[in-house]
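Notes follow once the structure below has been shown.
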Amino acid sequence: MKLIAPRLPRGFEDRAQKDIAAITEMTARIRQVYERYGFDPVETPFFEYTETLGKFLPDTDRPNVGVFSLQDDDEQWMSLRYDLTAPLARYFAENFDRLPKPFRSYRQGYVFRNEKPGPGRFRQFMQFDADTVGAPGPEADAEMCMMMADTMDALGLEGQYLVKVNNRKVLDGVLELIGLGAADPEKSLTVLRAIDKLDRLGLEGVSELLGAGRKDESGDFTKGAGLLPDAIHRVLGYVGLKGEGESFFAGLEALVEGSARGLEGVAELRAMAALFAAAGYGADRVRIDPAVVRGLEYYTGPVFEVELTFRVTNEKGQDVVFGSVGGGGRYDGLVSRFRSEPVPATGFSIGVSRLAHALKLTGNLESADPVGPVVVLVLDKDQTARYGEIVSRLRRAGIRAEMFMGQTKNFGKQVAYADKRNSPAVIIEGTDERARGIVQIKDLIAGKEAAKAIADNAEWKAERPGQFECRDDEIIARLSALPAIHAHLQSQK
RNA sequence: GCCGCCUUAGCUCAGUUGGUUAGAGCACUAGAUUGUGGAUCUAGGGGUCCCCCGUUCAAACCGGGGAGGCGGUACCA
């Protein structure tokens, strides 16, 4: 029979105990922040009808290649969700009559994208979103930005991130003034993409992309937008605008003077900035940045993203381009696919998997090995009922415990198993002990410590470091007194 | 999609101008010790040298094609 190579599909990850513990811890902290802000949980399924996600290819009845899709038994196209926003829009529209408006909710879960994976980019990854549906004002947008900042703080990243805020209307205004926008959607997209790359390419790179095009280090040539020098100059002036306060906004206004939409965007940014300042969120945490574009489709007003300000290096020591770990914005049009009345909405998403990947690479996600169960050794195969009784007693007392169930009768192998599980202790009851009404408790942690002084194996065995005996009715009390078990019992309360 | 680097044991990697039976460290298994983890010592298992085609008396090594991995770039709801 031909064996099958066990292999993980690319872009997917297995998660073992430590990874799961880290993700659990991260999501608990995120959840705490969102709940403090007054958001409630909602969960939707992995699958939606493809039309719900709006991901059919234009002019065909096939779903977009970027989504994992299948047809169910009545030939309807279904897709794995590729974000948590489209499902929320469906949920809100479907339950419109009974939901409070504004509707403030959060959701956490895996999403799927059928794309080429990269560093920190997976085909299945976790997002943690919060959205406010039915609140039109900049207060809701500003709240999202501040909550993002608080979330990063809660994850222990104070001073190591920046929430950057912009407004699509301002971008639209700039495009309008160089004669693009609705007049030439294709070229407008190219310009927006170029702006989005300011971080990586700097002003010169962006300038090339706005003009003829750019050849990058890897030898790939990207065709530019073909703007005239005058227009390039104007866009660069906009993109390079920095600072804060009145002079900054006045500068922005001057740049979009003549575009009503642009000015509206600046006014919204002003309002948000005032809210940040009043709430005590300085430019070291939340900052207006004209180069923020975010995805190209559904955002209609404020957009924001959070990025890490420290360097990330992978296992091979290569510097890795990491990009943002979260983002969002206002999407007033998304619910209107389901309902005719206008429904304003704003929200953001934290890329939990991406963030976890970055933190893992930088060593910020390290945690101690979790403490394993107490292992009751099986010395006499005909006494498993007796050993099982001890295990049950430990479990009732809240102590993680198990009977050894492997194939070996070898005593040493059983202890080695417990050691590998990082068990705090094993319980030993052989014929002698049973006759005397006692058991041996071997404290593996203390034993490990004591063993450092012993080099000789014979001595090590004779010494039995960490081992003591106790009466059967003292087992719980003696085990509970061991530091590792004591700590675990405390944490359960 | 495009560009670069990479692919030999479970992992990290050596491998002489192309020359017999392809190696090391770690890990794993067993024994020294049939009732005691670690350390030490001894032994052992484990390989389609990524795949296919070609050159050659002879290919892990040379040539061509392909696949996979990593990174960059493009795209990204």
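This is a predicted model, so every value here is computed, not measured. We name chains A, B, ... by the order of the sequence lines, and we start the count at 1 in each one.
- Taking only side-chain nitrogens and oxygens, K197(A) comes nearer than 4.0 Å to OP1 or OP2 of rC75(B).
- Donor-acceptor pairing under 3.5 Å, judged by distance alone, is present between the side chain of E115(A) and the base of rA77(B).
- The pair R121(A)-E115(A) meets the salt-bridge criterion, with a side-chain N (NZ, NE, NH1 or NH2) lying under 4.0 Å from an Asp/Glu carboxylate O.
- Checking N167(A), V303(A), T132(A), T300(A) one by one against R330(A), the side-chain contact (heavy atoms from CB on, under 4.5 Å) holds for a single residue, T300(A).
- In this structure, the nucleotide among rG35(B), rC28(B), rU73(B) sitting nearest to the side chain of K420(A) is rC28(B).
- Judged by Watson-Crick or G-U wobble contacts below 3.5 Å, the nucleotide rG71(B) has rC3(B) as its partner.
- For a distance-only test at 3.5 Å, the side chain of E433(A) qualifies as a donor-acceptor partner of the base of rG35(B).
- Considering only side-chain N and O atoms, R354(A) lies nowhere under 4.0 angstrom from the phosphate OP1 or OP2 of rC76(B).
- Between E307(A) and K164(A) a salt bridge is recorded (basic side-chain N to carboxylate O distance below 4.0 Å).
- In the interface, the side chain of R113(A) is not paired with the base of rC76(B) through any donor and acceptor atom under 3.5 Å apart.
- When distances run from any side-chain atom of K413(A) to the nucleotides rA77(B), rG31(B), rG38(B), the shortest one goes to rG31(B).
- Taking 4.0 Å as the cut-off between side-chain N and carboxylate O, E13(A) and R15(A) count as a salt-bridged pair.
- For the C1' atom pair drawn from rU29(B) and rA9(B), the interatomic distance equals 15 Å after rounding to whole Å.
- Applying the 5.5 angstrom centroid cut-off and the 30 degree plane-angle cut-off, the aromatic ring of Y82(A) is stacked upon the base of rA77(B).
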